[in-house]
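Fair warning: this is a prediction, and the values are worked out from it, not measured in the lab. Quick note on labels: first sequence line is chain A, next is B, and so on, each numbered from 1.
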Amino acid sequence: DLRVGDIVVVEKGEDVIPKVVKAVVSRRARGSAAPKPYKMPTRCPECSGSLDRSGDEVVWRCVNASCPAMLSRRLLHFASRRAMNIEGLGESLIAQLIEAGLARDFADLYNLDVGALEQLDRVGNKSASNLLNELQKSKSVEVWRLIHGLGIRHVGEGVAQLLAASFNSIDALMDSSIKELEAVPEIGPIVAQAVQRFFQDRDNRLLIQNLKMAGLAFTGSIGTSTASQKLSGLTFVITGALSGMTRGEAKSAIQKLGGKVTTSVSRKTSFLVAGEEPGGNADKARECGTSILDEEAFRKLLGQ
DNA sequence: ATACAAACCCTGAAGCTGGT
DNA sequence: ACCAGCTTCAGGGTTTGTAT
């Protein structure tokens, strides 16, 4: 039986049974009486594939490689701003591309053309050419974005950057041993195993091959910039909205100067950069005695 | 007007590290 | 070997911006 708090997901996110889980979540949000238990499915309702639960996790995953629900979430993640940064490729467009058989994996995206795109709902000439332009741009993004976009378990933005910085090429990463992976700081046995498993899979290796053929550059390392490293050793957390820049821009500005950016305040945090309407991190910062910078002070620190 | 996508915050789960 | 503290990952909800 599925109860409140139980989560049923496929790779990188989406619920295998979105409707049921959403119902559970909204009941919890409304704080209403005890929800009635739902029957736990034994097959993925989207594709009837097998479900897998590893270890003690209350998390089930569809293990069917061609499950459309999984494919949809993987494509969405691949295109997202923090991965390949393909603007304009969202949920509904992806659903249509899968439906039309135009996107069976990441590499297929690079074979799209204006004609095919214009056949889709709510896609005109403008959005079609915008998207093609974005896809073209994404061919030369930094390697870590691709590593992140692949959707390997436990490999998000941060770990992808570590991996890109530690291995010279995607080929070196693909052929790395568990030992080599664990030698990277902050990577332990579980993450190392997830990475190795992914790259040992035949289909995944083929996918990388296809992406290379589609014209992805796989170059541009994380950027050991020649700029000064004056923030080296300092840890920042950004909260609230900044007026002159997005949080992403603020983050990369800090990283360029050798600083580290994390998401929650602890005693190890050097500075909290607080914009408009800061969240709970601001309270935590006062508690921990962390120095708080407003946007103006932050810009001064950056030397802007 | 409507549909879709982006940006943002918050939060829970789980992995990693270092101290005991 | 175990635990505490810290960090990352990733989902949910809301608000804002843009194309049809």
Participant: Nearest-nucleotide wise, let me know which of V191(A) and G88(A) is further upstream toward the 5' end of DNA chain B.
Facilitator: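 Nearer the 5' end of the strand: G88(A).
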Participant: Let me know the distance between CG of L75(A) and P of dA5(B), rounded to the nearest Å.
Facilitator: 13 Å
Participant: Distance alone, cut at 3.5 Å: any donor-acceptor contact between the side chains of Q96(A) and D121(A)?
Facilitator: no
Participant: Can D294(A) and K300(A) be counted as an ion pair, charged N to O under 4.0 angstrom?
Facilitator: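 K300(A) and D294(A): not salt-bridged.
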Participant: Taking CG from L97(A) and C1' from dC4(B), how many angstroms apart are they, rounded to a whole number?
Facilitator: 14 Å
Participant: Reading nucleotides 1-8 of chain C 5' to 3', which nucleotides get B (base under 4.0 Å from a protein heavy atom), which S (sugar-phosphate only), which -?
Facilitator: ----SSBB
Participant: Salt bridge or not for R205(A) and D175(A), using N-O below 4.0 Å?
Facilitator: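 Counted as a salt bridge, because a side-chain N and a carboxylate O are separated by less than 4.0 Å.
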Participant: Is the closest side-chain heavy-atom distance between F271(A) and T235(A) below 4.5 Å?
Facilitator: no
Participant: Provide, to the nearest angstrom, the distance between the CD1 atom belonging to I238(A) and the C1' atom belonging to dA7(B).
Facilitator: 13 Å
Participant: So M174(A) and F167(A), do their side chains get closer than 4.5 Å, heavy atoms only?
Facilitator: no
Participant: Below 4.0 angstrom, N of the basic side chain to O of the carboxylate: do K139(A) and E134(A) qualify?
Facilitator: no
Participant: Could you give the CG-to-P distance, from L93(A) to dA6(B), as a whole number of Å?
Facilitator: 10 Å
Participant: Using a strict threshold of under 4.0 Å (side-chain N to carboxylate O), is an ion pair present between E182(A) and K179(A)?
Facilitator: no
Participant: Which whole-number value in Å describes the distance from R82(A) CZ to dA6(B) C1'?
Facilitator: 12 Å
Participant: Output the rounded distance in Å from CG (L120(A)) to C1' (dA3(B)).
Facilitator: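 Taking CG of L120(A) and C1' of dA3(B), I get 15 Å after rounding.
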Participant: Between V184(A) and Q96(A), which is nearer to the 5' end of DNA chain B once each is assigned its nearest nucleotide?
Facilitator: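 Looking at the nearest nucleotide for each, Q96(A) comes out on the 5' side.
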Participant: For the pair made of CG in L162(A) and P in dG15(B), what is the distance, rounded to whole Å?
Facilitator: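 From L162(A) CG to dG15(B) P: 17 Å.
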Participant: Could you check whether any side-chain heavy atom of L75(A) comes within less than 4.5 Å of a side-chain heavy atom of L109(A), counting everything from C-beta outward?
Facilitator: yes
Participant: Can you check the I187(A) CD1 to dC16(B) C1' distance for me, whole Å?
Facilitator: 11 Å
Participant: Grab the N/O contacts between the protein and nucleotides 16-20 of chain C below 3.5 Å, and write none if there aren't any.
Facilitator:
unit_1, atom_1, unit_2, atom_2, d
dT20(C), OP1, G124(A), N, 3.3
dT20(C), OP1, S127(A), N, 3.0
dT20(C), OP1, S127(A), OG, 2.4
dT20(C), O2, R122(A), NH2, 3.1

Participant: Would you say the side chain of Y110(A) lies within less than 4.5 Å of the side chain of N210(A), judging by non-hydrogen atoms?
Facilitator: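 N210(A) vs Y110(A): side chains apart.
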